[in-house]
**Student:** 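Before we start, here is the structure in question, set down as C-alpha cells.
Side-chain atoms are counted along with the backbone in the values below, which use heavy atoms only and exclude waters and symmetry mates. Residue numbering restarts at 1 for every chain, and letters A, B, ... go by the order of the sequence lines.
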Number of protein chains: 2
Amino acid sequence: MGKSTFVIKQRAYLKLYMLHAAEKGRLYGLQILEELQNHFKDLGYKPTKSEIYKSLHELLKEGYVVREPITKEGTEMQTIYIYRLGDKEKVKAYKDTIKADIDRSIALLNRALKDNYSQKRG
Amino acid sequence: MGKSTFVIKQRAYLKLYMLHAAEKGRLYGLQILEELQNHFKDLGYKPTKSEIYKSLHELLKEGYVVREPITKEGTEMQTIYIYRLGDKEKVKAYKDTIKADIDRSIALLNRALKDNYSQKRG
DNA sequence: TCATGAACAGCATGTTCATCC
DNA sequence: GGATGAACATGCTGTTCATGA
C-alpha cells in the first residue's frame with residue numbers, strides 16, 4: 001500500500017470507477033465525467049475533467065486498461081478513446097488494494113463519529 | 001460548508017480531535033500528538049506534529065478554543081500551552097458541520113463499495 | 001463545439017530548520 | 001532534549017490554456 005497516510009485519495013477513488021467504466025466498455029472520457037457527476041450529485045461531489053483524464057492515463061500507463069481510438073461519426077469527425085480492461089488478474093489484485101484503503105478510510109471516519117459524537121452518560 | 005469537494009480534509013478531522021482534547025483539558029500539543037498516534041496506530045494513520053499545531057492554531061484563531069501558558073516544573077522550566085473550549089454553542093455548531101462532512105464522506109466511500117464490490121448475480 | 005490533453009496555479013500536508021527553556 | 005513554531009518542499013487537485021476534428 002505504500003505509505004498510508006490519512007484517507008484514500010480522490011485519484012484512487014476515481015480510478016476504481018474508471019475500471020468500472022472500462023468493464024462496461026463503450027464509454028469515453030467526457031461521457032464518464034458526465035455520468036459520474038450525475039451519479040454523485042446527491043452527495044455534493046463533482047469530479048472534474050482533469051481528474052478523470054489523469055485517472056485514465058495512470059491506469060493506462062500502469063497497464064490496468066487498454067484503449068482504442070474510435071472515429072465518432074456525426075456532423076463532424078471526432079476521435080474518441082474507448083477503454084477496456086487489461087489483465088483480469090492484475091486488475092482484481094489492484095481493486096483489492098483499493099478496497100482495503102476504502103475500508104481503512106471508513107474505519108477512520110467511523111472512529112471519529114464514535115469518539116466525538118457518542119452520547120456520554122452520567 | 002463552502003465548496004464541498006471530495007472527502008473530508010485531514011485538517012478538519014484533526015480539529016475535531018483537538019476540540020475533544022480541549023474538552024478534557026490538561027493536554028498540550030506534543031502530548032496530544034502522541035496520544036493520537038497511539039490511538040490510530042491500528043489503522044495505519046500517523047498524524048504529524050505540524051498538522052497538530054496547525055489545527056490548534058486555526059481553532060485558536062477562529063475562537064473555538066482558548067489557551068493558557070503553563071510553566072512546567074521539572075528538571076528545567078518549560079512553557080507549554082493548555083487548551084480549553086471557547087463558546088460552547090459556537091463549538092457545537094462547528095462540530096455539527098464537521099459531522100455532516102464525515103457523514104457525507106462515509107456515504108461516498110460506501111457508495112464505492114456498493115458500486116464496485118457487490119456480487120453481481122445472473 | 002466537443003473531445004483530449006497539457007500547463008499552470010492554489011492549497012493541503014509532510015519534512016526540515018529555528019528558538020526557547 | 002522537550003516543546004512550540006515557522007519555513008520550506010512536495011504532492012494532490014482545480015482552473016485555464018492549447019490542439020484537433
**Student:** Send over the distance from A:Tyr13 OH to D:dC12 C1', rounded to a whole Å.
**Tutor:**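 In whole Å, D:dC12 C1' and A:Tyr13 OH are 17 Å from each other.
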**Student:** A:Gln37 has an atom CD; how far is it from atom P of D:dG14, in whole Å?
**Tutor:**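 Taking CD of A:Gln37 and P of D:dG14, I get 11 Å after rounding.
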**Student:** Without decimals, in angstroms, what is the distance between B:Gln31 CD and D:dG1 P?
**Tutor:**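 To the nearest whole Å, that distance equals 20 Å.
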**Student:** Nearest to the A:Arg11 side chain among C:dT4, C:dT15, D:dT13, which nucleotide is it?
**Tutor:**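 From the listed options, D:dT13 comes nearest.
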**Student:** Counting side-chain heavy atoms from CB outward, which of D:dT4, C:dA3, C:dT13 is closest to B:Leu30?
**Tutor:**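 So the side chain of B:Leu30 is nearest to D:dT4.
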**Student:** Looking at A:Gln78, I'd like to know whether one of its side-chain N or O atoms comes within less than 4.0 Å of OP1 or OP2 on C:dT1.
**Tutor:**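 So the side-chain polar atoms of A:Gln78 never come under 4.0 Å of the phosphate oxygens OP1 or OP2 of C:dT1.
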**Student:** May I ask you to check whether A:Tyr28 and A:Tyr81 place their ring centres under 6.0 Å from each other?
**Tutor:**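 Ring centres of A:Tyr28 and A:Tyr81 not closer than 6.0 Å.
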**Student:** Sequence neighbours excluded, which residues qualify as side-chain contact (heavy atoms from CB on, under 4.5 Å) partners of A:Leu60?
**Tutor:**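 A:Leu60: side-chain contact (heavy atoms from CB on, under 4.5 Å) contacts with A:Val65, A:Arg67, A:Tyr83.
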**Student:** Scan for side-chain hydrogen bond (donor to acceptor under 3.5 Å, both in side chains) pairs involving residues 29-41 of chain A, sequence neighbours excluded, and state none if there are none.
**Tutor:**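 Sorted result for residues 29-41 of chain A: A:Asn38-A:Lys41, A:His39-B:Asp115.
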**Student:** Check the distance between C:dA3's P and A:Leu27's CG and give it to me in whole angstrom.
**Tutor:**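 To the nearest whole Å, that distance equals 12 Å.
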**Student:** In the structure I gave you, are the side-chain heavy atoms of B:Leu85 and B:Val66 within less than 4.5 Å of one another anywhere?
**Tutor:**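 Counting from C-beta outward, B:Leu85 and B:Val66 never come under 4.5 Å.
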**Student:** Measure the shortest side-chain to side-chain distance between B:Met18 and B:Leu36 over non-hydrogen atoms and say whether it is less than 4.5 angstrom.
**Tutor:**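 Contact flag for B:Met18/B:Leu36 side chains = yes.
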**Student:** Mind jotting down which residue pairs meet the salt bridge (Lys or Arg N to Asp or Glu O under 4.0 Å) criterion with at least one end in residues 80-90 of chain B? Sequence neighbours excluded, please.
**Tutor:**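 Only B:Glu68-B:Arg84 qualify under salt bridge (Lys or Arg N to Asp or Glu O under 4.0 Å).
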**Student:** Between D:dC12 atom P and A:Asp101 atom CG, what is the distance in whole Å?
**Tutor:**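 So the CG-P distance, A:Asp101 to D:dC12, works out to 13 Å.
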**Student:** Tabulate atom names and distances for all N/O pairs under 3.5 angstrom spanning the protein and nucleotides 5-9 of chain C.
**Tutor:**
from  : atom 1 : to      : atom 2 : distance (Å)
C:dG5 : OP1    : A:Arg67 : NH1    : 2.3
C:dG5 : OP1    : A:Arg67 : NH2    : 2.5
C:dG5 : OP2    : A:Arg67 : NH1    : 3.4
C:dG5 : O6     : A:Lys49 : NZ     : 2.4

**Student:** Could you tell me whether a side-chain N or O of A:Tyr13 sits under 3.5 Å from a main-chain N or O of B:Leu108, the two making a donor and an acceptor?
**Tutor:**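 Confirmed, A:Tyr13 side chain pairs with B:Leu108 backbone.
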**Student:** How close or far is atom C1' of D:dT13 from atom NZ of A:Lys15, stated in whole angstroms?
**Tutor:**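 It is 15 Å, rounded to the nearest whole Å.
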**Student:** C:dG14 P sits how many Å from A:Phe6 CZ, rounded?
**Tutor:**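 Distance check: A:Phe6 CZ to C:dG14 P gives 10 Å.
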**Student:** If each of A:Glu51 and B:Gly29 is mapped to the nucleotide of DNA chain D with the nearest heavy atom, which maps nearer the 5' terminus, i.e. the 5' end?
**Tutor:**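 It is B:Gly29 whose nearest nucleotide is closer to the 5' end.
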**Student:** Can you sort out the partners of A:Asn110 under side-chain contact (heavy atoms from CB on, under 4.5 Å), two or more places apart, ordered by chain and number?
**Tutor:**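 Once residues adjacent in sequence are excluded, the partners of A:Asn110 under the side-chain contact (heavy atoms from CB on, under 4.5 Å) criterion are A:Ile106, A:Leu113, B:Ile106.
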**Student:** Can you tell whether the side chains of B:Asp101 and B:Arg104 come within less than 4.0 Å, N to carboxylate O?
**Tutor:**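 Yes, charged N to carboxylate O under 4.0 Å.
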**Student:** Can you pull out the residues from residues 59-66 of chain A that lie within a 4.0 Å heavy-atom distance of DNA chain D?
**Tutor:**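 Here the set is empty: none.
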**Student:** Atom CD1 of B:Ile82 and atom P of D:dA3: how far apart are they, to the nearest Å?
**Tutor:**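 Computing the B:Ile82:CD1 to D:dA3:P distance gives 11 Å.
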**Student:** Choose from D:dC12, C:dA3, C:dC20 the nucleotide whose nearest atom is closest to any side-chain atom of A:Lys9.
**Tutor:**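 Out of D:dC12, C:dA3, C:dC20, the nucleotide with an atom closest to A:Lys9's side chain is D:dC12.
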